[in-house]
Amino acid sequence: FVQALSLWGDPPLPDIPDSPALASDVTRLISQRQAVRDALIDARLDAGEHDQVLGQLRAAAAADPGRERTSEQLMRACLELGLTKEALDVYQAARKAALEQQGAEPGPALGVLYRRILAEEMTSDRALIRTTRMTALRPRLPGAQAPAPGVAALLRGFGAQVPGALGRGSAFVIPRGLGPALSGAR
C-alpha cells in the first residue's frame with residue numbers, strides 16, 4: 001500500500017489541464033487513492049499500530065468530520081489506546097456532520113462501533129460499582145479478612161462475581177471463565 005501511494009500523483013493527472021471530459025476520471029482516481037489509504041490504515045490498525053496512525057487520523061477527521069470511514073478508524077484507534085472519551089467525541093462530531101450534510105444519522109458501521117463503546121463503558125461502570133459495594137461491605141462482615149496485598153486490585157480487573165462467597169449479601173470477584181467451572185463445583 002505504501003509503495004502504491006508513493007506512485008500516485010496528487011492531484012491526479014497533474015500534467016493535463018482541467019477538463020470537463022476528464023472530471024469523472026479524476027474523481028474516480030481520487031476515490032481509488034482514498035480506498036488505498038483506508039486499506040493501509042486498516043492494515044496498520046490490525047497490526048496494532050494505533051499510536052502511529054492516531055495523529056494522521058485526527059488530522060483527517062478534523063479536515064472532514066463527515067467522512068465516516070475516517071471517523072470509524074479514529075474511533076477504533078482511540079478505543080484501543082484507552083481514549084474512550086475521545087472515541088465518543090469523534091462519533092458525536094461525525095453524527096453532527098452527517099445530520100448537517102445529509103440530514104440523516106451516520107451509517108450502520110459507525111453506529112455499531114459507538115454502541116459497542118457505550119456497552120463496554122456501562123460494563124466497566126457496573127464492575128466498578130460492584131467492586132465498590134463489595135469493598136464497602138467487607139469490613140462489616142464477621143470474620144472477613146482483607147485479601148493479600150495486590151490481590152484485590154488484580155481481582156477487580158476481572159468481572160465475574162460469586163454472590164454470597166463472603167457471607168450474606170456480599171460478593172467475591174473471580175476471573176472470567178472460572179465462574180462456570182466454580183458454579184458446577186458447588
Side-chain angles (χ1 to χ4, degrees), residues 1-6 8 10-12 23-134 153 155-161 163 171 173-180:
F1 293 122
V2 173
Q3 287 178 339
L5 287 171
S6 70
W8 220 299
D10 192 18
S24 65
D25 291 327
V26 169
T27 301
R28 181 180 47 80
L29 290 171
I30 291 171
S31 178
Q32 287 175 345
R33 181 178 187 171
Q34 187 60 54
V36 172
R37 282 184 183 156
D38 289 341
L40 174 60
I41 294 292
D42 284 339
R44 293 187 71 190
L45 289 171
D46 291 343
E49 297 180 9
H50 307 96
D51 53 342
Q52 290 92 343
V53 298
L54 187 62
Q56 178 183 354
L57 287 170
R58 282 175 173 157
D64 187 2
R67 188 163 191 285
E68 291 186 24
R69 181 71 185 271
T70 302
S71 296
E72 180 186 352
Q73 290 171 325
L74 178 54
M75 288 172 66
R76 282 179 53 200
C78 288
L79 186 60
E80 291 299 322
L81 292 169
L83 304 171
T84 307
K85 183 182 179 331
E86 183 176 344
L88 294 172
D89 290 345
V90 169
Y91 175 81
Q92 291 303 326
R95 181 177 184 268
K96 180 181 176 188
L99 289 170
E100 288 173 358
Q101 295 171 3
Q102 302 162 4
E105 292 287 331
L110 207 57
V112 166
L113 181 56
Y114 177 69
R115 286 186 295 281
R116 186 180 118 212
I117 294 169
L118 289 177
E120 287 178 13
E121 280 296 295
M122 288 176 61
T123 301
S124 174
D125 288 347
R126 278 193 219 117
L128 179 62
I129 290 167
R130 283 191 302 254
T131 302
T132 302
R133 186 180 325 128
M134 180 186 75
L155 292 176
R156 270 193 297 270
F158 291 99
Q161 291 188 352
V173 179
I174 61 169
R176 279 191 193 106
L178 293 181

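Only this structure's heavy atoms are used, side chains among them; waters, hydrogens and symmetry mates stay out. Position 1 is the first residue of the sequence; numbering continues from there.
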Report task. For L81 and L54, run side chain to side chain contact (heavy atoms under 4.5 Å, CB included): C-alpha distance rounded to whole Å, both residues' side-chain angles, the deciding distance at 0.1 Å, then the answer. Result -> CA-CA 9 Å; L81 292 169; L54 187 62; 3.8 Å; yes
Rounded to the nearest 0.5 Å, what separates atom [atom1] in [X] from atom [atom2] in [Y]?
X	Y	atom1	atom2	result
D89	K85	CG	NZ	3.5 Å
R44	H50	CZ	NE2	11.0 Å
L118	L113	CG	CG	10.0 Å
L88	I117	CG	CD1	5.5 Å

Query raised in the report: Would Q34 and R69 satisfy side chain to side chain contact (heavy atoms under 4.5 Å, CB included), going step by step from the backbone distance to the final call?
Result: CA-CA 10 Å; Q34 187 60 54; R69 181 71 185 271; over 6 Å; no
Report task. Show your working on side chain to side chain contact (heavy atoms under 4.5 Å, CB included) between V36 and Q32 and close with a plain yes or no. Result -> CA-CA 6 Å; V36 172; Q32 287 175 345; 5.8 Å; no
**Report entry** Any pair counted as side chain to side chain donor-acceptor pair (under 3.5 Å), so long as it reaches residues 96-110, sequence neighbours left out
**Finding:** R95-E105
**Report entry** Minimum side-chain heavy-atom gap E120-T84 below 4.5 Å
**Finding:**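 Not in contact.
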Query raised in the report: Does any N or O in the side chain of E68 come within less than 3.5 Å of the main-chain N or O of L110, such that one atom is a donor and the other an acceptor?
Result: no
Query raised in the report: Just by modelled atom types, is the L57 backbone N or O under 3.5 Å from a matching donor or acceptor in the Q73 side chain?
Result: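 Side chain of Q73 to backbone of L57: no pair is present.
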**Report entry** Carboxylate-amine/guanidinium proximity below 4.0 Å for E80 and R76
**Finding:** no
**Report entry** Worked check of side chain to side chain contact (heavy atoms under 4.5 Å, CB included) between R67 and D38
**Finding:** CA-CA 11 Å; R67 188 163 191 285; D38 289 341; 2.6 Å; yes
Tell me the closest heavy-atom pair linking [X] and [Y], and the distance in Å.
X	Y	result
A62	P65	O-CD, 3.7 Å
Y114	Q92	OH-NE2, 3.2 Å
A61	L74	CB-CD2, 3.7 Å
A98	P106	CB-N, 4.1 Å

